[in-house]
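Notes follow once the structure below has been shown.
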Amino acid sequence: MARLFGTDGVRGLANKDLTADLALRLAQATAVVLGKGRSAEARRAAGRRPVAVLARDPRVSGEFLSAAVAAGLASSGIDVLDAGVLPTPAAAFLIQDIGADFGVMISASHNPAPDNGIKIFARGGSKLPDVVEERIESYLERDILMPTGGDVGRIRRFADAEDRYVVHLLASLERQRLDGIHVVLDCANGAASGVSPETFRDAGAQVTVIGNEPDGMNINEGVGSTHLDGLSRTVRELGADVGIAHDGDADRCLAVDADGNVVDGDQIMAILAVSMKRRGVLAFDTLVATVMSNLGLKIAMAENGIGMVETRVGDRYVLGAMSEGKYSLGGEQSGHVVMSRYATTGDGILTGLHILAEMARTGRSLADLASVMTVYPQILVNVRGVDRSALESDTVLAEAVRAVEAELGDTGRVLLRPSGTEPLVRVMVEAADQTTADAHAHALAAIVRERLAV
């Protein structure tokens with residue numbers, strides 16, 4: 001059987017790939033594996049049942065999938081606290097906040113409405129390691145827990161879930177107010193539609209909101225962090241100071257400045273890293289980012305005395321490196337930014353609040369803050385229909401890459417990455433100007449196509 005879990009949980013077309021039956025069985029398997037932890041056994045010894053937090057984004061399919069997950073958990077002897085529609089980072093926080101044994105988030109993040117997904121978090125709100133996901137998969141076809149009578153789980157509404165999360169977000173600002181800043185929030189018609197505007201207003205900002213009318217089918221549709229044109233236009237039209245865009249489950253944050261220019265995840269990390277170092281809260285004066293982060297970020301960090309740890313692409317690898325090295329800031333160009341002092345995963349609302357906090361603290365505009373980093377032109381070419389496994393062993397290709405790297409020197413870089421799932425190689429070139437980057441990227445792509453053709 002092909003591996004069910006992908007890089008971010010189980011995801012697919014709802015009611016076709018991801019069915020109610022699969023959601024039920026996955027919940028039952030999760031109950032077997034995660035219901036055996038030390039905290040769960042301690043609850044049982046005290047005459048109580050293990051507890052799980054459940055939340056979802058507003059996709060229409062989330063209604064039947066959350067019902068199936070709740071049924072699967074409760075039928076396996078797990079008490080379920082249903083938080084309803086809340087961001088993914090809210091679910092992760094609540095697991096930690098109440099000491100739940102694990103949690104489940106139903107969302108397909110930035111994907112279109114027909115898709116959905118199931119993300120499982122361990123005790124403490126952390127993502128599951130591969131080995132635990134594999135163990136859960138192995139129980140899909142094995143015996144499940146079947147308690148009876150008073151041993152079955154109860155399903156209850158998590159009544160104060162949103163209030164707990166908002167209080168947590170505001171506390172992270174440590175009394176820094178956002179008064180005088182006009183922000184436009186794009187909530188992607190997603191999970192942040194209620195909680196994000198409330199939080200920014202409570203912090204003192206003047207708030208205008210777009211993309212906050214979810215109907216179950218319009219999530220990410222022309223709005224949110226993958227469609228920034230509307231946010232840029234609204235910021236310019238209203239003369240606002242800044243725009244913040246979330247994705248469907250609000251674990252991402254991208255921004256636009258007062259002129260409507262996009263400030264991506266790399267620039268956001270640069271702003272936060274410099275601020276945190278200045279205030280003495282950047283652990284080991286180090287930022288964790290992926291190999292796909294812009295060269296300009298690396299240069300900016302070096303200029304500000306900040307080290308960088310680079311990981312494979314994927315927030316789970318960023319999180320892993322942060323946990324191992326006890327670092328306090330990391331993320332991806334896409335806007336997944338992790339501030340481990342306050343969160344166990346990327347949190348778009350938290351990130352947005354701290355961008356505005358730095359604007360308020362310094363009195364500087366977002367454009368001025370973002371100028372700490374020069375964004376190098378970055379060209380990415382996907383070469384399909386090639387033997388990705390031969391990438392590392394082809395000497396002609398390796399020599400071509402060395403020649404380009406020698407020509408670029410310190411003003412650029414080359415990265416060739418095989419896809420993990422497709423016969424595809426990604427060719428990325430950065431250079432000081434767009435023309436040079438584009439020419440080298442397409443020239444290397446042609447060599448990849450010729451040398452690795454299948």
Side-chain angles (χ1 to χ4, degrees), residues 2-3 6-8 11 109-112 225-229 252 254 261-267 269-270 288-302 308-318 331-336 373-454:
R3 193 171 192 273
T7 56
D8 200 16
R11 195 175 291 189
S109 190
H110 59 282
N111 283 27
S225 61
T226 53
H227 302 88
L228 293 170
D229 289 350
R252 293 190 192 191
L254 293 180
N261 300 310
V262 173
V263 177
D264 68 14
D266 285 342
Q267 294 167 287
M269 286 190 288
V288 180
T290 77
V291 293
M292 291 299 287
S293 277
N294 195 274
L295 177 62
L297 177 61
K298 194 170 186 177
I299 293 172
M301 294 300 93
M308 273 187 67
V309 172
E310 292 183 287
T311 75
R312 293 168 60 185
V313 175
D315 66 328
R316 66 165 49 209
Y317 302 112
V318 172
E332 297 184 282
Q333 194 178 70
S334 61
H336 282 115
M373 170 186 160
T374 299
V375 179
Y376 279 55
Q378 188 178 74
I379 302 297
L380 179 65
V381 181
N382 290 329
V383 185
R384 300 182 183 277
V386 294
D387 179 8
R388 66 181 189 274
S389 66
L391 178 62
E392 304 241 343
S393 59
D394 191 282
T395 56
V396 173
L397 182 57
E399 183 55 40
V401 169
R402 281 194 292 271
V404 173
E405 288 175 333
E407 181 179 332
L408 294 174
D410 293 335
T411 65
R413 65 171 179 149
V414 178
L415 182 65
L416 272 61
R417 291 179 54 247
S419 166
T421 57
E422 302 175 75
L424 179 150
V425 169
R426 295 181 173 89
V427 178
M428 190 272 285
V429 176
E430 287 175 335
D433 66 89
Q434 184 92 10
T435 302
T436 300
D438 189 76
H440 283 309
H442 284 89
L444 287 173
I447 297 172
V448 170
R449 195 173 291 111
E450 175 188 345
R451 299 290 304 176
L452 307 185
V454 292

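Please read these numbers as outputs of a predicted model, since none were measured by experiment.
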CA sep, side-chain torsions, deciding dist, call: Glu405, Arg402, salt bridge (charged side-chain N to carboxylate O under 4.0 Å, His left out): CA-CA 5 Å; Glu405 288 175 333; Arg402 281 194 292 271; over 6 Å; no
Closest contact, heavy atoms only, Asp433 versus Pro377: C-CG, 3.6 Å
Spacing of CG belonging to Asp264 relative to CE belonging to Met269, to within rounding of 0.5 Å: 8.0 Å
Partner of Leu444 by side chain to side chain contact (heavy atoms under 4.5 Å, CB included), out of Val427, Val381, Val425, Val383: Val427
Ser293 and Glu310, any side-chain heavy atoms less than 4.5 Å apart: no
By salt bridge (charged side-chain N to carboxylate O under 4.0 Å, His left out) - contacts of Arg312 (at least two apart): none
Main-chain N/O of Val404 paired with Glu407 side-chain donor or acceptor, under 3.5 Å: no
Pairing residues for Asp8 by the salt bridge (charged side-chain N to carboxylate O under 4.0 Å, His left out) criterion, not counting sequence neighbours: Arg11, Lys119, Lys127
Gln267 CD to Leu254 CG distance, which is reported to the nearest 0.5 Å: 9.5 Å
Minimum heavy-atom distance between Arg388 and Pro423, given as atom pair plus value: NH1-N, 3.6 Å
Side-chain touch Val313/Glu332, heavy atoms, less than 4.5 angstrom: yes
Pairwise distance CG(Asp410) to NZ(Lys298) - rounded to 0.5 angstrom: 10.5 Å
Test item: Arg426 and Leu415 side chains (from C-beta on) under 4.5 Å apart, heavy atoms: no
Check: Asn294 main-chain N/O paired with Asp266 side-chain donor or acceptor under 3.5 Å: yes
Distance (rounded to the nearest 0.5 Å) between Leu416 CG and Glu392 CD: 9.5 Å
All salt bridge (charged side-chain N to carboxylate O under 4.0 Å, His left out) counterparts of Arg449, not counting sequence neighbours: none
Close side-chain approach of Ile447 and Val401, heavy atoms under 4.5 Å: no
Beyond-backbone contact of Thr411 with Thr436, side-chain heavy atoms, under 4.5 angstrom: no
From Leu228 atom CG to Asn261 atom CG, the distance as rounded to the nearest 0.5 Å: 11.5 Å
Residue pair Gln378 / Gln333, side-chain heavy-atom distance below 4.5 Å: yes
Taking every non-hydrogen atom, the tightest pair across Gly314 and Thr290: N-CG2, 4.3 Å
Test log, rule side-chain contact (heavy atoms from CB on, under 4.5 Å), inputs His442 and Val429: CA-CA 9 Å; His442 284 89; Val429 176; over 6 Å; no
Min side-chain heavy-atom separation Arg417-Met428 under 4.5 Å: no
Glu430 side chain vs Ala437 backbone, donor-acceptor pair below 3.5 Å: no
Nearest-0.5 Å distance, OG1 of residue Thr374 to CG of residue Leu295: 10.0 Å
Atom CD of Glu450: over 12 foreign heavy atoms under 6.0 Å: no
